[in-house]
Amino acid sequence: YDRYVAVCHPLHYAVITHGGLCLGLAAGCLVAGVVNSLMQTVIIFQLPLCRKVVNHFACEMLAVLRLTCVDISFNKVMVAISGFLVIMLPCFLVLFSCGRIVAAVLRIHSAQGRHKAFGTCATHLVVVSMCFGTAIFTYMRPMAGSSAEQEKMVALFYAVVTP
C-alpha cells in the first residue's frame, strides 16, 4: 500500500499514510500472524506423533504433520484455509496494487520519470515475489506432491535468500 500511495498519489502521501494508518496496518498484520500461529500450534499439539525426528531445518508445520500417525485431513484443510488468508489474499492485494502502480507509471510522460518510478518498485517486487513464491510453493500445493527435500530447499531459500 505504501508503494501504491507513493507512486499513484505522491502529493497526498503524507496525508494518506499517517501514523494511525501505519499503526493499524502493522497491528492488523501482527494480530493475523499471532492468530494464525496460535491456531496452527494448538491444532498440531493435539496430534499424536509416531516419530520424534523432524526431517527439516526447523520445526516447520508441514514437517511436523509428517510425524503423525493419524488422519490429518482436518489439518490439511486448516493449512489450505490459513494459506488462503495469510498467503493468497495478501498476494492478490499486492498484485492488484502492482497493477495499479504499473498503470500509473505508464501514464508518466517522461522516460526518466518512468525509470525512476519503476526503479523505486523493482527491488520491492523482486523480494515480494520471492517471499510469496516460496510460500505458495510450500503451502498451497498438495502435500502428496511434495518431498521433504524440496521443502527443505525452499525453506532455506525463504529463510536465507529473501532477507
Side-chain angles (χ1 to χ4, degrees), residues 1-8 17 21-47 49-51 53-106 117-163:
Y1 185 71
D2 176 68
R3 294 294 91 203
Y4 165 74
V5 174
V7 172
C8 296
T17 59
L21 175 69
C22 293
L23 184 63
L25 291 172
C29 292
L30 179 68
V31 168
V34 168
V35 167
N36 180 58
S37 298
L38 185 62
M39 177 193 66
Q40 293 293 342
T41 302
V42 167
I43 290 171
I44 285 180
F45 276 155
Q46 304 299 318
L47 298 173
L49 302 178
C50 295
R51 294 177 293 279
V53 177
V54 177
N55 185 17
H56 210 283
F57 297 117
C59 193
E60 202 268 334
M61 180 179 53
L62 296 178
V64 174
L65 286 177
R66 283 198 172 95
L67 301 177
T68 64
C69 50
V70 295
D71 180 35
I72 56 170
S73 56
F74 174 74
N75 296 81
K76 290 179 183 179
V77 169
M78 293 307 291
V79 167
I81 291 170
S82 174
F84 177 77
L85 294 174
V86 176
I87 299 169
M88 297 307 290
L89 187 61
C91 184
F92 289 138
L93 292 173
V94 168
L95 290 175
F96 177 75
S97 167
C98 290
R100 298 288 304 260
I101 290 170
V102 168
V105 168
L106 291 177
F118 275 129
T120 301
C121 297
T123 54
H124 178 257
L125 292 177
V126 168
V127 172
V128 165
S129 298
M130 288 190 311
C131 183
F132 279 120
T134 54
I136 289 169
F137 182 81
T138 301
Y139 292 103
M140 299 309 296
R141 65 189 179 129
M143 281 182 64
S146 64
S147 73
E149 295 305 314
Q150 282 179 330
E151 286 178 14
K152 285 195 286 190
M153 291 307 295
V154 172
L156 186 63
F157 183 84
Y158 181 79
V160 175
V161 176
T162 302

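FYI, the numbering just counts along the sequence from 1.
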Rounded distance (nearest 0.5 Å) linking atom [atom1] of [X] with atom [atom2] of [Y]:
| X | Y | atom1 | atom2 | value |
| --- | --- | --- | --- | --- |
| I81 | M88 | CD1 | CE | 15.0 Å |
| L47 | F74 | CG | CZ | 10.0 Å |
| T17 | Y4 | OG1 | OH | 13.0 Å |
| S37 | Q40 | OG | CD | 8.0 Å |
| I43 | I72 | CD1 | CD1 | 12.0 Å |
| L125 | C98 | CG | SG | 4.0 Å |

Do the non-hydrogen side-chain atoms of V79 and L65 ever get within less than 4.5 Å of each other? yes
How would you list, by chain and number, every residue that makes a side-chain contact (heavy atoms from CB on, under 4.5 Å) with L25, sequence neighbours excluded? Y1, L21
Sequence-distant partners of V42, side-chain contact (heavy atoms from CB on, under 4.5 Å), two or more places apart: L38, Q46
Identify the heavy atoms of S82 and M39 that sit nearest to each other, and give their distance. CB-CE, 4.2 Å
Any idea which heavy atoms bring L67 and V53 closest together, and the distance? CD2-O, 3.2 Å
Going through the checks in order, is the side-chain contact (heavy atoms from CB on, under 4.5 Å) test met by T123 and V127? CA-CA 6 Å; T123 54; V127 172; 5.7 Å; no
When you look at I87 and I136, which way does the side-chain contact (heavy atoms from CB on, under 4.5 Å) test go after all the steps? CA-CA 7 Å; I87 299 169; I136 289 169; 3.6 Å; yes
Donor-acceptor contact present, side-chain T134 to main-chain C131, <3.5 Å: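 Yes: the side chain of T134 pairs with the backbone of C131.
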Between S97 and L93, is there a donor-acceptor pair closer than 3.5 Å when you use the side chain of the first and the backbone of the second?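 It does not hold such a pair.
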